[in-house]
Protein chains: 2
Amino acid sequence: MQHAKIGIICGGGVFPPAVAETLTKQGRGFVLFLLRGFADAAVERYPHHWLKLGKLGTLFGLMRKEGCTELVMIGSLVRPAMTQIGFDLKTLMLLPKIARAYRGGDNTLLSSIAKLIDDEGFRVRGVHEILPELLMPEGPAGRIHPSSDDEADIALGFEIIRAMGPYDVGQAVVVAGKRVLAIEAAGGTAEMLSHLAELRAKGRVRFSGRAGVLVKAPKPKQDRRIDLPAIGPDTVAQANAAGLNGIAVEAGGTIISDPSAIANAADTAGIFLSGYKAMP
Amino acid sequence: MQHAKIGIICGGGVFPPAVAETLTKQGRGFVLFLLRGFADAAVERYPHHWLKLGKLGTLFGLMRKEGCTELVMIGSLVRPAMTQIGFDLKTLMLLPKIARAYRGGDNTLLSSIAKLIDDEGFRVRGVHEILPELLMPEGPAGRIHPSSDDEADIALGFEIIRAMGPYDVGQAVVVAGKRVLAIEAAGGTAEMLSHLAELRAKGRVRFSGRAGVLVKAPKPKQDRRIDLPAIGPDTVAQANAAGLNGIAVEAGGTIISDPSAIANAADTAGIFLSGYKAMP
């Protein structure tokens with residue numbers, strides 16, 4: 001079966017190269033749209049165009065020229081102030097819709113932009129649809145398993161992520177001994193973990209030895225085609241630096257860049273990484 | 001009417017001196033129990049005993065010797081690891097109860113300790129019962145009023161605090177343009193605001209100019225005799241440093257150390273500070 005050529009909007013981090021590498025191995029046609037200021041120049045070795053934020057007209061033109069009918073968005077992005085974006089004419093025409101979406105959480109914003117792209121006749125696809133092999137499976141990835149105390153913290157963590165759903169916030173939380181240590185908001189998971197490591201170093205959060213679990217899952221109402229939670233070896237290193245026992249994610253709802261590398265990273269750090277079925 | 005002599009367990013910060021000063025002016029009998037490592041030596045000018053965490057036997061003995069029948073807990077406290085506490089015999093006997101409470105949020109822990117004290121025949125009172133004049137009233141404290149956009153963020157903030165209620169977390173949140181920027185967990189409000197200021201400085205959270213409101217309120221299920229939210233001029237300075245438009249708190253559910261000082265601080269910083277009736 002002949003696949004359509006895929007356009008991939010790339011932010012920063014390890015996921016754009018992982019996706020490009022996997023698609024190349026599979027012999028699928030794709031072209032990267034690298035967001036200036038966010039994407040890593042290392043992915044320039046794949047077919048690509050550099051693109052500035054706010055240039056939807058340019059994006060749509062390049063998509064048509066390249067013959068892409070499907071679009072995937074991947075990688076990290078810091079949400080800029082609207083005044084920092086240089087808009088092209090097409091984007092300016094769509095600006096009333098974008099401005100409305102700007103008043104809200106990331107999910108509101110990204111879903112609205114996905115809808116604008118859909119409306120242009122392209123199809124926004126999720127990484128999980130294009131490359132299901134990059135999704136975290138159920139069960140522990142490495143040799144270490146969560147304890148029963150960890151399991152209680154994990155259950156509470158997933159429950160809180162669900163409770164936060166209506167507010168478009170909290171794709172990740174840290175729970176230790178049934179006490180909530182951190183809830184992710186602006187800044188992302190890496191920032192949350194480094195802040196927690198800092199609070200522990202300063203003695204503002206005190207435990208003897210390792211404690212707590214990072215729990216990460218898609219927001220209940222989020223459009224899974226965009227901003228699916230992602231973890232990589234750096235997440236394992238950050239969880240380890242924050243003194244946690246391990247990481248729990250939603251199986252089938254979390255992107256991992258390299259399954260064997262991340263299992264090794266967890267084993268080396270001495271923490272667990274485990275996938276859980278989504279709650280019904 | 002003759003008031004009972006009040007015992008006051010003091011953590012750190014500006015509230016223990018404010019309470020001691022107000023009670024002195026009113027001519028009420030009290031004695032401070034200053035927690036070593038937390039309380040400020042500046043309050044040594046009032047009748048006091050120094051006390052270590054974990055010495056409930058000592059506390060109960062001193063309370064009886066001083067003729068105190070009521071006890072108030074006030075000031076900031078970093079929750080120590082249980083292994084860092086030196087327990088006396090009385091506390092050791094109560095340890096199974098304390099250890100259970102340690103697995104849970106701050107509210108669980110503090111309520112359990114209040115119950116242990118009640119069971120000894122003392123009466124744990126809230127600051128709001130003893131000194132209602134230290135509670136934030138309804139409406140703006142200074143000259144600056146919230147905008148209608150701010151009001152929308154404030155409503156969302158109170159809603160999130162309510163939604164977090166079952167999880168014993170989140171006495172404060174920051175909302176900007178209907179987007180949740182931060183949720184307080186371990187570390188407290190000052191840490192949350194300084195982390196947000198840092199994220200803005202690093203460009204991880206971007207806005208043009210001032211944005212957002214700090215919303216602070218008691219957790220819905222919390223025992224209001226303990227750990228009532230408190231704000232002081234330092235909170236105003238921290239909210240200003242984080243680039244916020246203002247602060248919204250629950251009227252009658254928030255302690256302020258010095259009403260005129262805090263109104264001046266808000267006016268000087270150019271931000272609002274406003275009290276809102278608790279949601280039904």
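Within every chain, numbering begins at 1; the chains are lettered A, B, ... in the order of the sequence lines, protein sequences first and strands thereafter.
- Annotation: the span from A:Ile183 atom CD1 to B:Met192 atom CE amounts to 11.0 Å, rounded to 0.5 Å.
- Chain B forms more heavy-atom pairs under 4.5 Å with one residue of A:Val173, A:Val205, A:Asp168, A:Ile160 than with any other, namely A:Ile160.
- Counting heavy-atom pairs closer than 4.5 Å to chain B, the top-ranked of the candidates A:Val174, A:Asp149, A:Thr108 is A:Asp149.
- Proximity to chain B is limited to the side chain of A:Leu156, based on heavy atoms less than 4.5 angstrom apart.
- When A:Glu184, A:Lys178, A:His195 are compared by the number of non-hydrogen pairs under 4.5 Å with chain B, A:His195 comes out ahead.
- Closest approach of A:Ala186 to B:Arg179, counting heavy atoms only: CB-NH2, 4.0 Å.
- The two atoms that bring A:Ala185 and B:Leu181 nearest to each other are CB-O, 3.1 Å, heavy atoms only.
- For chain A, the option among B:Glu191, B:Glu198, B:Met164 with the highest count of heavy-atom pairs below 4.5 Å is B:Glu191.
- Around atom NZ of A:Lys202, more than 12 heavy atoms belonging to other residues, nucleotides or ligands sit under 6.0 Å away.
- Closest heavy-atom contact between A:Val180 and B:Tyr167: CG2-O, 3.9 Å.
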